[in-house]
Colleague: 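My questions will all concern the structure given below.
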Number of protein chains: 2
Amino acid sequence: MADLKTNLNNYSLDEEELRQGIELLFYAYRDFTSEPDKILAKWGFGRAHHRVIYFVGRNPNITVTELLLILQITKQSLARVLTILVKENFINQRADPSDRRRKLMTLTEKGQQLEKELTSTQMARFNRAYNETDTEAIEGFRRVLRGIINPHDRARVRPRTGLSHRRN
Amino acid sequence: MADLKTNLNNYSLDEEELRQGIELLFYAYRDFTSEPDKILAKWGFGRAHHRVIYFVGRNPNITVTELLLILQITKQSLARVLTILVKENFINQRADPSDRRRKLMTLTEKGQQLEKELTSTQMARFNRAYNETDTEAIEGFRRVLRGIINPHDRARVRPRTGLSHRRN
DNA sequence: TTTATTAAGTCAACATGGCTGACCTTAAAA
DNA sequence: TTTTAAGGTCAGCCATGTTGACTTAATAAA
C-alpha cells in the first residue's frame, strides 16, 4: 500500500474508500449466495454443487481440467461433488472423440432445471441492482470487478457485447 | 425473472449480461480471498478468523450480537474462532459499563498488526483496480454492489464521502 | 420484587467442502 | 517404448458452517 496517504488518525481517506469497497464486496457476496444455499439444502447439496452446475451449464462440453481452473480447488474436492451430480443424473459425461482421455460434461434436463432455479435468484438480484442504476454505473461495476480479478483470468468472463442494457 | 427477453436459443441478451455479472462477482471474490488465505494459513487460521479480525478492527467496541448480524453465522460458529482469537491475544474483550452483559471487543496491538497484513493485500487489489479505471466507474461499482446487498444491510457500509479519489 | 428477557457462553454432534499424498488406469505424445 | 496427460480413487485431516439444549449473569418488565 505504498501510495496511501495517512493523516493524524493513522487513517487515510483512501484507506477508508478502499475498506468500503472491501465491505461492499463482502456483503454483496454474502447475500448473493444466501438464496441459492436455501434451495440447495432441499436437495442435500451445498454451494460447491451450485458452482459445478453453474459452470457446466455455462460451458457445455467442459472438461474436468478446465473446471478445476475455474474453481481453483483440488481434483479431490471437485470429484466429491461431481461424482454425486453424475450419479444423480444432473450432469452427463461423454468421452471426447478427438481425445478419449477427456470427458466432456453437460447438464442433463434435470440439471438444467436445477441450474435455472438456482441462478434465477441471483439473476433477479442483479436485475434489481442494475435497474436501480444506469448503464454507466453497470459498466463501471464491470470494469472495476474485472480489475479485481487476477489478470490471467479476466478473459474468462466474456466482455460486454455492443448491445446495451434496456435502461437509458 | 419476469422481464427477461428470450430468443430462439433459449438465451436472452439480458440473461447473458446478468450471467457475466454473476461470473465477475464469483471470480473477483475468489481472487479477493486468495491472498489473505495464504497468510492466515501460516498462523493456523482460516477465512473466518480474518472476517472477525476485520470487523472488530473496523468497528471498535463492537459486541458479539452486532458481529453476528454482520457475519450472518451462528453464535457457535463465531464462538469457535472468537475464543481462539481472545485466548491468543488478538482480540480484547471488556464489559460495557452501561450494560455489563455486553462485551465490547477491540483489536490488541497484535491483532491490529495481523489485520493490517491481511487487509493490505485486499486494499492493494482494490487500489490497483481503482487505478485502472476512473471516478465514475468506481462510483458505478459502488452503486451496483450496494444494490446487490439486501436492502436492510445497505447502510452497514458507510456511503462515500464528498472527497473524491485521487484520479481525475 | 418476582419474573421475563437479553447477552453471552458452552456442550455434543453433525455436514460440507476445502486440503494432502499416494496411487491407478487409460490414452496420447515423444 | 517410454513418458506425459487426463481422469479417478482412497484414506485421512482440518476449517467452518449447522442444530438443539442448556447455563449464567444482568437488565427490563410485570
Side-chain angles (χ1 to χ4, degrees), chain A residues 26 29-30 33-34 36-56 61-88 91-105, chain B residues 26 29-31 33-34 36-56 61-88 91-105 118:
Chain A
F26 166 77
Y29 197 81
R30 184 198 68 176
T33 50
S34 64
D37 283 356
K38 286 176 209 149
I39 297 167
L40 289 156
K42 294 189 297 184
W43 294 83
F45 292 159
R47 206 173 286 179
H49 301 81
H50 185 193
R51 293 200 276 250
V52 171
I53 287 175
Y54 182 87
F55 285 106
V56 170
N61 295 317
I62 193 173
T63 64
V64 169
T65 302
E66 289 168 51
L67 203 42
L68 288 174
L69 289 172
I70 290 174
L71 300 176
Q72 298 274 78
I73 57 176
T74 60
K75 192 164 49 157
Q76 184 60 284
S77 296
L78 174 57
R80 190 160 30 207
V81 296
L82 192 53
T83 304
I84 293 170
L85 291 171
V86 170
K87 270 183 188 149
E88 299 192 8
I91 287 178
N92 243 318
Q93 290 179 318
R94 70 172 217 283
D96 181 345
S98 72
D99 181 346
R100 297 196 351 268
R101 290 173 304 180
R102 289 189 190 158
K103 289 187 177 169
L104 308 179
M105 297 180 284
Chain B
F26 166 77
Y29 197 80
R30 183 198 68 176
D31 293 343
T33 50
S34 63
D37 283 356
K38 286 176 210 149
I39 297 167
L40 290 156
K42 294 189 296 184
W43 292 85
F45 293 159
R47 205 172 288 179
H49 301 81
H50 185 192
R51 293 199 278 248
V52 171
I53 287 174
Y54 182 87
F55 284 107
V56 170
N61 296 316
I62 193 173
T63 64
V64 169
T65 302
E66 288 168 50
L67 203 43
L68 287 174
L69 289 173
I70 289 173
L71 300 175
Q72 298 275 75
I73 59 176
T74 59
K75 191 167 45 160
Q76 184 61 283
S77 296
L78 174 58
R80 190 160 29 209
V81 295
L82 192 52
T83 304
I84 293 170
L85 292 171
V86 170
K87 270 184 189 149
E88 299 192 9
I91 287 179
N92 242 319
Q93 291 180 317
R94 71 171 216 281
D96 181 344
S98 72
D99 181 347
R100 297 194 353 266
R101 291 172 305 180
R102 291 190 189 157
K103 289 187 177 170
L104 307 180
M105 296 181 284
L118 292 168

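Just so we're clear, the structure is a prediction, and the values are computed from it rather than from any experiment. Sequence lines set the chain letters: A, B, ... in the order given, protein chains first and strands last, and positions in each chain run from 1.
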Colleague: How does protein reach along nucleotides 18-27 of chain C, written 5' to 3' as B (base within reach of a heavy atom under 4.0 Å), S (only sugar-phosphate), or - (no contact)?
Modeller: BBB------B
Colleague: If you measure from CD1 on B/Ile91 to CD1 on B/Ile84, what distance do you get to the nearest 0.5 Å?
Modeller: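 Rounded to the nearest 0.5 Å, the CD1-CD1 separation comes out at 11.0 Å.
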Colleague: I need the B/Arg51 CZ to B/Leu78 CG distance, nearest 0.5 Å.
Modeller: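 One gets 11.0 Å once the value is rounded to the nearest 0.5 Å.
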Colleague: Between A/Leu82 (CG) and D/dG7 (P), how many Å, whole number?
Modeller: 10 Å
Colleague: Return the set of residues passing ring pair (Phe, Tyr, Trp, His ring centres under 6.0 Å) with B/Tyr54 (not counting sequence neighbours), or none when no residue passes.
Modeller: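 If we apply the ring pair (Phe, Tyr, Trp, His ring centres under 6.0 Å) test to B/Tyr54, skipping adjacent residues, there are no hits.
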Colleague: Rounded to the Å, how far apart are A/Leu69 CG and D/dG7 P?
Modeller: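 Taking atom P of D/dG7 as the reference, CG of A/Leu69 is at 10 Å.
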Colleague: Would you mind reading off the distance between A/Trp43 atom CH2 and C/dT16 atom P, rounded to a whole angstrom?
Modeller: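 Result: 16 Å.
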Colleague: Between C1' on D/dT16 and CG on B/Asp37, what's the gap in Å once rounded to a whole number?
Modeller: 12 Å
Colleague: Tell me: NZ of A/Lys103 to P of C/dA28, nearest whole Å?
Modeller: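 Roughly 14 Å, once rounded to whole Å.
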Colleague: Write down the distance between NE2 (A/His50) and C1' (C/dT16), rounded to a whole number of angstrom.
Modeller: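 So the two atoms are 16 Å apart, to the nearest Å.
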Colleague: Between A/Leu67, A/Leu85, A/Asn92, A/Val86, which is the residue that forms a side-chain contact (heavy atoms from CB on, under 4.5 Å) with A/Met105?
Modeller: A/Leu67
Colleague: Does C/dG9 have OP1 or OP2 sitting under 4.0 Å from an N or O in the side chain of B/Gln93?
Modeller: yes
Colleague: Nearest whole angstrom, please: distance from the C1' of C/dA8 to the CZ of B/Arg94.
Modeller: 17 Å
Colleague: OP1 or OP2 of C/dA8 versus the side-chain N and O atoms of B/Thr65: is any pair under 4.0 Å?
Modeller: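 The answer is yes; a side-chain N or O of B/Thr65 sits under 4.0 Å from OP1 or OP2.
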Colleague: Starting at CG of A/Leu85 and ending at C1' of D/dG7, how long is that distance when rounded to a whole Å?
Modeller: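 Going from CG in A/Leu85 over to C1' in D/dG7 covers 17 Å.
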Colleague: First locate atom CG of A/Asp99, then atom OG1 of A/Thr63, and finally report the distance between them rounded to the nearest 0.5 Å.
Modeller: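 The OG1 atom of A/Thr63 is 9.5 Å from CG of A/Asp99, to the nearest 0.5 Å.
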Colleague: When rounded to the nearest 0.5 angstrom, what distance separates CD1 in A/Ile62 from CD in A/Gln93?
Modeller: 12.0 Å
Colleague: Any base atoms under 4.0 Å from A/Glu66, or only sugar-phosphate, or nothing? Heavy atoms, all strands.
Modeller: nothing
Colleague: Would you kindly compare A/Pro97 and A/His49 by the position of their nearest DNA chain C nucleotide and give the one closer to the 5′ end?
Modeller: A/His49
Colleague: Would you call the rings of B/Phe55 and A/Phe26 parallel, tilted or perpendicular if under 30° counts as parallel and over 60° as perpendicular?
Modeller: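 Tilted: the ring planes of B/Phe55 and A/Phe26 meet at 30° to 60°.
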